[in-house]
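Predicted model only: the values in this text are computed from it and were never measured. The first residue in the sequence is number 1, and the count goes up from there.
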Amino acid sequence: MEPGRLFSDPTAAPIPSQQVARYLGRPDPVEALARLRAGNARFTSRAAHPGNVVNGGADMRPYAVVVGCIDARVPVETVLGQGIGAICVARSAGHVLDRAVLGSVEFAVTELQVPLVVVLGHDDCRAVAAAYEAVRTGRRPAGGRQFLIDQITPAIPAARPADYNLDKATRSHIHRTVATLRQAAYLKEALAARRIDVVDAIYRLENGRIEVL
């Protein structure tokens, strides 16, 4: 993403970020993303983690909602360097969207008025790897895992599974998740009004860095 650009959608018309800040009474999407990037930089440098003070819920004003994976190697608040009350987090295996996750994002955007939605995938995602195995073998798991696999397999190159690349499939799945969110009615309205942005990112297990895609 180009520094200083307000929205990840290149067709979005620019508006003064102060207007967004006044509307929300909190950071605009650019500032919100900058805070997350700064927090990740603190994490990778092992600097002190800020804001770990329980506020009793007196002033819950989160400025982002992150849709992430349940992988225990990616504790979202920690890798983003965020303290209590800064961000909302919705997690599922492979950051798969279901009604609960979609409803949680909708609640954060409409009720809490967060200006930024982030889909955070990660490398070596076991859910994406399981989807590839299902494509390769033609065998789908039973139970709730079947739903997860069905949601991820469109990102797998079924026609030529031998050329499969986990990183490429993971990125494709992240992009597809963002595209699905952007089509949700409540997000389309907020995006059209330039009140929020939706971005995709990937966490690198090796070095702890987050790349905005």
Side-chain angles (χ1 to χ4, degrees), residues 1 7-9 33 36 62 64-77 79-80 87-112 114 116-191 196-205 210-213:
M1 182 181 300
F7 291 93
S8 58
D9 179 3
L33 184 57
L36 295 183
V65 55
V66 180
V67 179
C69 182
I70 64 169
D71 196 302
R73 298 169 295 177
V74 193
V76 176
E77 291 90 343
V79 302
L80 286 170
I87 61 175
C88 301
V89 180
R91 300 179 69 171
S92 64
H95 57 79
V96 164
L97 300 176
D98 60 13
R99 291 182 65 186
V101 174
L102 286 169
S104 298
V105 175
E106 179 177 356
F107 185 87
V109 170
T110 59
E111 298 295 326
L112 303 179
V114 301
L116 182 67
V117 180
V118 179
V119 175
L120 179 63
H122 65 93
D123 50 13
D124 191 36
C125 181
R126 295 297 86 197
V128 176
Y132 165 69
E133 187 65 13
V135 171
R136 187 183 69 82
T137 63
R139 295 193 296 269
R140 296 161 63 203
R145 288 179 298 165
Q146 181 175 315
F147 175 78
L148 297 173
I149 297 305
D150 288 346
Q151 298 303 303
I152 299 173
T153 50
I156 309 298
R160 303 177 65 187
D163 295 336
Y164 167 75
N165 177 283
L166 181 58
D167 186 71
K168 183 182 296 185
T170 299
R171 287 171 174 265
S172 175
H173 178 50
I174 295 169
H175 292 323
R176 290 185 69 257
T177 305
V178 167
T180 299
L181 282 170
R182 284 181 170 273
Q183 293 305 308
Y186 63 93
L187 280 180
K188 288 176 69 174
E189 179 183 352
L191 284 165
I196 68 166
D197 195 10
V198 182
V199 301
D200 33 18
I202 188 168
Y203 175 75
R204 297 300 184 186
L205 295 169
I210 290 175
E211 301 172 12
V212 177
L213 302 179

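Annotation: side chain of L97 is in contact with side chain of T177 (closest heavy-atom distance under 4.5 Å). By the 4.5 Å heavy-atom criterion applied to side chains, D167 and R204 are counted as neighbours. Annotation: side chain of V74 is in contact with side chain of L205 (closest heavy-atom distance under 4.5 Å).
Between A201 and I210, the shortest heavy-atom distance links the atoms CB-CG2, 3.8 Å. Minimum interatomic distance between A190 and V109 (heavy atoms only, all atoms of both residues): CB-CG1, 4.4 Å. Smallest separation of non-hydrogen atoms from G94 and C69: N-SG, 3.3 Å. The shortest heavy-atom contact between I174 and G121 is CD1-CA, 3.7 Å. In terms of heavy atoms, V89 sits closest to E77 at CG2-OE2, 3.4 Å. Nearest heavy-atom pair across P154 and D150 is CD-O, 3.4 Å.
Once rounded to the nearest 0.5 Å, the distance linking CG of L116 with CD1 of I196 reads 8.5 Å. Taking OG1 of T170 as the start and CD1 of I156 as the end, the distance is 7.5 Å to the nearest 0.5 Å. Taking CG of L120 as the reference point, atom NE2 of H95 lies at 8.0 Å (rounded to 0.5 Å). Taken from CG in L33 to CG in D197, the straight-line distance is 8.0 Å, to the nearest 0.5 Å. Separation of atoms OH (Y203) and CG (D124) is listed at 12.0 Å; rounding is to 0.5 Å. In this structure, SG on C88 lies 11.5 Å from CD on E111, to the nearest 0.5 angstrom.
Judged purely by atom type and a 3.5 angstrom limit, R91 uses its side chain to pair as donor or acceptor with the backbone of D71.
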Requested in this report: Please step through side-chain contact (heavy atoms from CB on, under 4.5 Å) for the pair I87 and V118, ending with a clear verdict.
Outcome: CA-CA 10 Å; I87 61 175; V118 179; over 6 Å; no
Query raised in the report: How far apart are the C-alpha atoms of V65 and F107, what are their side-chain angles, what is the distance that settles it, and do they pass the side-chain contact (heavy atoms from CB on, under 4.5 Å) test?
Result: CA-CA 10 Å; V65 55; F107 185 87; over 6 Å; no
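Applying the side chain to side chain contact (heavy atoms under 4.5 Å, CB included) rule to S104 yields the partners A90; only residues at least two apart in sequence or on another chain are considered. A134 is linked by a side chain to side chain contact (heavy atoms under 4.5 Å, CB included) to I149, counting only residues two or more places apart in sequence or in another chain.
Between D200 and R176, no side-chain nitrogen of the basic residue sits less than 4.0 Å from a carboxylate oxygen of the acidic one, so the salt-bridge criterion is not met. R171 has no carboxylate O lying under 4.0 Å from a charged side-chain N of D123, or vice versa, which leaves the two without a salt bridge.
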